[in-house]
2 protein chains.
Amino acid sequence: MSKRKISIEDIARKAGVSHSTVSRALRDSPLISSKVREEIKRLAQEMNYVPNAIAQSLQNQRTYTVGVIVTSIADPFFGELVEGIEQVARLAGLNVLLNASHGDFDQEIAAIENFHYRRVDGILVADSRIGKHYTQQLTQFTVPTVLINIDTEDQSKTFHSVAIDDRLGGCLAVEHLLDLGHIRIGYLGVGDGSKADQQRLEGYRMALNQAGLTQNTNWVAIPQRDEQAISDIDIGKKMLPQLIAAGITGIFCYNDMVAVGALLACKELGISVPENLSLVGFDNIALASYITPPLTTVSQRMVEMGESAMTMLLELFEGKAVDNILLSPFLVKRESTATVSRAKKSVITLR
Amino acid sequence: MSKRKISIEDIARKAGVSHSTVSRALRDSPLISSKVREEIKRLAQEMNYVPNAIAQSLQNQRTYTVGVIVTSIADPFFGELVEGIEQVARLAGLNVLLNASHGDFDQEIAAIENFHYRRVDGILVADSRIGKHYTQQLTQFTVPTVLINIDTEDQSKTFHSVAIDDRLGGCLAVEHLLDLGHIRIGYLGVGDGSKADQQRLEGYRMALNQAGLTQNTNWVAIPQRDEQAISDIDIGKKMLPQLIAAGITGIFCYNDMVAVGALLACKELGISVPENLSLVGFDNIALASYITPPLTTVSQRMVEMGESAMTMLLELFEGKAVDNILLSPFLVKRESTATVSRAKKSVITLR
DNA sequence: CTGTTAGCGCGTTCAC
DNA sequence: GTGAACGCGCTAACAG
């Protein structure tokens, strides 16, 4: 905003009218004669007039801006989510203010305060790693807020949300392995206490129960909550061996990055996928289809999730009553899973 | 902004002072006695007062907001870039307004106009696929702007920029292949007319010249400019066969996604990498290290590029004179490249 | 149809 | 030290 831009007053002076006439003309008010309106519009164009959103906001009490909080922008998962959000926001004439929390509680609170300070019209929060802590912190504010993939105690009452059905996803993954003849099936989680981790594990258990299979605690590998933030890739690498030791033939991984980590560990250990071991991921990030072998995974359509959340926010703006959305994931079969017959043999051969 | 928030007037009334006293107290003006200042601050806290950034902006003529334009948010390349931008922006008390152009010229212009409308303090543009078209469009505005990886005619004069040294990158890639004994080296480009594509090709040629090698036009594969936007992956897939037919043993690819495409094509054709063919990418996106084989590539540190660009913008805000930045890429050796001896044999065996 | 006036919430002279 | 008054750029209520 270096040089002062021209205002409606400037063009009013030049047109020999009052500033309110200009304001009306520019906004196509029916109160203005078409002659002056055209003349004013011409002048505005000629003078390179750009209306001042700040002044409008002060008057309208609306900023046409939504705040979006994600864990990390560099994470492809959130990248696609934001892509969906931005797309429908732009179509609605809204802008996106982006903040990253890096999974840090304080930074997330700071981001929310910042959004209130800037008077955003609505807030979107996507940070599955933080959980339900800040339910209270959010309550004191009155800005329409939609939570994405976040579990809160009274989620359905106080907050609006769109989330993926993680339990269903877990079922789908395990059922797929069961269909392939696997019996010794493991879960490789992240242990961050998130709803996603817990519910995917629950889905895993449901599917096994339904199949009438006894479960072995050794089949579930979840790292200790660590002070150090450890990447999903490293979690997969680190936890794989103990599942192998437990004699499993198929693993449902918390997400694709964990699965990739497990895959890398397999390569180091000389375990070939899917011959010796079947791997199922979650998320269906782009990477999943490019690695070798392409990853069988439970797909959440992240762009669509962003679109849904933003659409819900728009409906809230209009005062509509909205229902929370639970999106259904679906299985994408690729080449990291195979029938167990081959796997059994290979594992035995391996010894 | 549903319910009207409380203003300094509200707390002024309650404190029995004027609103300007409150304003001063909150901003730690030395003109205010410490007693009233503390009392006012206490009141503000108690009443849950949140200053109104909009009103402040109108007064200060600053929004503490920067506009960022990228091609696509979902693209990991831009994701990391924005990550870097957002990080230093937040530390400086600035917020990021994010717009995606999807490589569309009109949308990009619209984004810029939108940013002016909203009176951002500065603009960051990263969209290597658009090129120099809109130099003029940008000129009429006076907002500090930093171009990221964009080539403009008079770049150094009118605009500020941070970019990667694509020519150097091309050299590094080809020199690596030469070191491995390759002589028949190809370039697989995208032909979008971007500076990046042209300069990487130029680097390729420089390295070959310097090695005293004669060049073969068949060794450069660049798709026809197509009406249909075709993905980088597909470009790699589609163009690989003709380079193979030309008898090359090593390929420098425009970027990692193109290289991944080429790699996938290799798998389909039964060409094993790096035994039969060496592949070098560009960008070093996360994917590059996870695929099989892990990709040797020219690395640009995208997060750092974002940080540099944002830092430059901050310096422009302070009225400092800044020099354009040309970041040096570096080679990351992984497993998609190998000495030519093996490759030669394999190729012959292949026939 | 158009001009005048009054805020939106805040920072900043200029007086006292 | 503090309050009154003005303006940032714009929309809207009220006159005419």
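To find a chain, count down the sequence lines: A is the first, B the second, and so on, and within it residues start at 1.
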Once you apply a heavy-atom cut-off of 4.0 Å, does B:Gln59 come out as touching a base, just sugar-phosphate, or nothing? base
Using the test side-chain hydrogen bond (donor to acceptor under 3.5 Å, both in side chains), find all partners of B:Thr311 that sit at least two apart in sequence or belong to another chain. none
In chain order, what residues pass the side-chain hydrogen bond (donor to acceptor under 3.5 Å, both in side chains) check against B:Lys35, with sequence neighbours excluded? none
List in chain and number order the residues that pass side chain to side chain contact (heavy atoms under 4.5 Å, CB included) with A:Leu91, two or more places apart in sequence or in another chain; answer none if no residue qualifies. none
Of all residues at least two apart in sequence or in a different chain, which pass the salt bridge (charged side-chain N to carboxylate O under 4.0 Å, His left out) check with A:Asp75? none
Can a side chain N or O of B:Tyr117 be found less than 4.0 Å away from OP1 or OP2 on D:dC10? no
OP1, OP2 of D:dG9 versus side-chain N and O of B:Gln61: anything below 4.0 Å? yes
Find the distance B:His19:NE2 to D:dG7:P and express it as a whole number of Å. 14 Å
Starting from P on D:dG9, measure out to CE on A:Met47 and report it in whole angstrom. 13 Å
I'd like to check the salt bridge (charged side-chain N to carboxylate O under 4.0 Å, His left out) partners of A:Arg24; sequence neighbours left out, ordered by chain and number. none
side-chain hydrogen bond (donor to acceptor under 3.5 Å, both in side chains) filter on B:Lys41, not counting sequence neighbours, yields B:Asp28
OP1, OP2 of C:dG11 versus side-chain N and O of B:Gln56: anything below 4.0 Å? yes
With sequence neighbours left out, what residues match B:Arg27 under side-chain hydrogen bond (donor to acceptor under 3.5 Å, both in side chains)? none
Contacts of B:Glu304 meeting salt bridge (charged side-chain N to carboxylate O under 4.0 Å, His left out) (sequence neighbours excluded), chain-then-number -> B:Arg301
Among residues 20-35 of chain B, which ones have heavy-atom contacts with DNA chain C below 4.0 Å? B:Ser20, B:Ser23, B:Arg24, B:Arg27
Describe, as an angle rounded to 10 degrees, how the axis at the first end of the helix from C:dC1-D:dG16 to C:dC16-D:dG1 is tilted relative to the axis at the last end, five pairs per end. 50°
Measure across B:Phe317 and B:Val66 and return the closest heavy-atom pair with its distance rounded to 0.1 Å. CZ-CG1, 4.1 Å
Determine whether a donor-acceptor pair (N or O, by modelled atom type, separation under 3.5 Å) exists between the side chain of B:Arg118 and the backbone of A:Thr63. yes
Rounded to whole angstrom units, what separation is found between the CG atom of A:Leu58 and the C1' atom of C:dC8? 4 Å
Once you round it to whole Å, what is the distance between P of D:dG9 and OH of A:Tyr49? 10 Å
Distance in angstrom units between A:Asn52 CG and C:dC8 P, rounded: 18 Å
Which whole-number value in Å describes the distance from A:Arg62 CZ to C:dG9 P? 16 Å
Residues touching DNA chain C, which here means a heavy atom under 4.0 Å, drawn from residues 8-18 of chain B: B:Ile8
Listed by chain and number, what are the salt bridge (charged side-chain N to carboxylate O under 4.0 Å, His left out) partners of A:Glu80, not counting sequence neighbours? none
In whole Å, I'd like the distance from the CD1 atom of B:Ile54 to the C1' atom of C:dG11. 16 Å
